[in-house]
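The block underneath contains the structure these notes are about, expressed in structure tokens.
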Amino acid sequence: MKRVVVSNRVPTPGDPPTGGLSVALLDALAGGSGLWFGWNGGAPEPRAEPATQHHDGIDFATLPLDEDDYDGYYRGFSNGVLWPLFHGRLEAMTHDWEARRTYDDVNRYFADHLAPRLCRTDVVWVQDYHLIPLGQELRARGFEGRLGFFLHTPFPPYEVLRALPEWAVLFDCFRAYDLVGFQTEHDMRHFADTAERRPGATLSSRADHLDWGGRSVEFGAFPVGIDIDETARIAAKNTDTDDARALLDFADGRPLIVGADRLDYTKGLVQRVKAFEKLLTDEEHHGPDPVCVQVAAPSRTGVDEYRQLAERLQQEAGRINARHNRPDFNPIRLIGRSLPRSTVLGFFSIADVGLVTPVRDGMNLVAKEYIAAQPVDDPGVLVLSTLAGAAEELADVAVLVNPYDLDGVADGLRTALAMPLPERRRRHALGLRTLRCTTAEDWWNRFLERLRAPRPSSRPWSSS
Ligand code: G6P
């Protein structure tokens, strides 16, 4: 029996993981025979056999994508259609049937190369929206073992999902899985609501299981977490580096607000800097003017929407700096490149406020990492969007704000900056206790245990 993770991106064996999630999945695969399968993440090149590497007890098998694959499957359908659709940004959706056909074709290409490596006893765990049809492609190639799927993004309500012309065909792909996991109860309910509209699907009385044309499909909420101790350790080790000192020099004794995100329209970055400007002009804010450092790591630069966003954010930050700077004060520093995770955690540790205001987010691990990175004796405060999945768990820990309400975000920042030490300590201690209930390890353990648990028998796969 081996564990198999399939995801669009596969971390480079031996390189420091870029995010908490790859750390979690590497842990899930280590300590037994594990395989991580997916795209090699490189520049387009002709399709080929998978390249394999063995590192720390894990096999890595990666495939190249050619130009058409990259354009249609990754840039076009995954990130130009499913990503905006699942985040409720319908006007950013650029549907075209050619891209959709390529999406299906790349899922078949993945299945062609993965199926021969699988045994009946293997447990296969497919990650995220790029690979929704992979399950049925593996079933069509004879794989009868346990097959799970986890969606890292939100799952949209039916009224949003049906904006996708072929929503029903895509949705029916979930029938091939034994277990489908979501970040939150909300996402799970949206899934159940759509499932009930599909012919032949019956929802169990506990609303966590579908009898779907003779197949049994379970689903549930499995909030992704982080490794708190490891995050805290890395953060504490990086508070006195050249980068951290440069950040403190920039703040020059003023309150320091830090955000760190992929440069993505779901992260609410333009609204965020505008809300920060409101704080600068807020007459009720007493004390020194705060400074804001926003790390905006370039992402999906091949998609138009992302290039335009980079420009808008630079313009906005530039405008605010030009309007509010003084000889001894520049309010915003925008870092438009990707920084090592250790550097970002060091920044979080010394920041007075962590500002995490996505307009929609499946979970948002940055919010959790900010809490874990705080020094226990003098912790900073998290200002968190109500529209991030993490807000379900952190409602009593963070100062919650609606990212569209710029005055509300400015108020939230003011509350966070003025929060007395005992209250900061109380919230931080509660935050740590909360995060310990859903760590990264719990996440994959809970999912894989449920996937392996005995279940009602399913009819052998057939596509109808
Ligand atoms: C989100 C998705 C991941 C994706 C990541 C980076 O977190 O849920 O599946 O890997 O963004 O995006 P990219 O397009 O660079 O892989």
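In each ligand, atom 1 is the first atom listed, and ligand 1 is the first ligand listed.
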### Task
Please work out whether any backbone atom (N, CA, C, O) or any side-chain heavy atom from C-beta onward of Trp83 is under 4.0 Å from ligand 1, and answer side chain, backbone, both or neither.
side chain
### Message
Give me the nearest non-hydrogen protein atom to atom 2 (C) of ligand 1 as residue plus atom name, then the distance to 0.1 Å.
### Response
Asp128 OD2, 3.3 Å
### Protein heavy-atom partner closest to atom 14 (O) of ligand 1 - residue, atom, separation in Å
Tyr74 OH, 2.5 Å
### Task
Indicate the atoms forming the closest heavy-atom contact of Arg215 with Arg175, along with that distance.
NE-O, 3.1 Å
### Message
Using 30° and 60° as the class boundaries, would you call the ring planes of Trp167 and Tyr158 parallel, tilted or perpendicular?
### Response
perpendicular
### Summary
Of all protein heavy atoms, the one nearest atom 16 (O) of ligand 1 is Arg9 NE, 2.6 Å
### Those residues that, when tested against Glu441, pass salt bridge (charged side-chain N to carboxylate O under 4.0 Å, His left out) (two or more places apart)
none
### Query
Which atoms from ligand 1 have a heavy atom of His152 less than 4.0 Å away?
8 (O)
### Task
Please say whether the positively charged group of Arg3, taken as NZ for Lys or CZ for Arg, lies over the ring of Trp444, i.e. under 6.0 angstrom from the six-membered ring centre and within 45 degrees of the axis.
no
### Query
Of all residues at least two apart in sequence or in a different chain, which pass the salt bridge (charged side-chain N to carboxylate O under 4.0 Å, His left out) check with Arg262?
Asp264
### Query
Heavy-atom contacts under 4.0 Å between Asn79 and ligand 1: side chain, backbone, both, or neither?
side chain
### Message
Quick check on Arg262 - does any of its heavy atoms sit under 4.0 Å from an atom of ligand 1?
### Response
yes
### Query
Tell me: protein heavy atom nearest atom 4 (C) of ligand 1, and distance?
Arg300 NH2, 4.1 Å
### Task
Check each heavy atom of His130 against ligand 1 and say whether those closer than 4.0 Å belong to the side chain, the backbone, both or neither.
side chain
### Message
Under 6.0 Å from the ring centre and within 45 degrees of the ring axis: does the NZ or CZ of Arg47 meet both conditions for the six-membered ring of Tyr109?
### Response
yes
### Task
State, with a plain yes or no, whether a side-chain heavy atom of Arg272 is found less than 4.5 Å away from one of Val409.
no
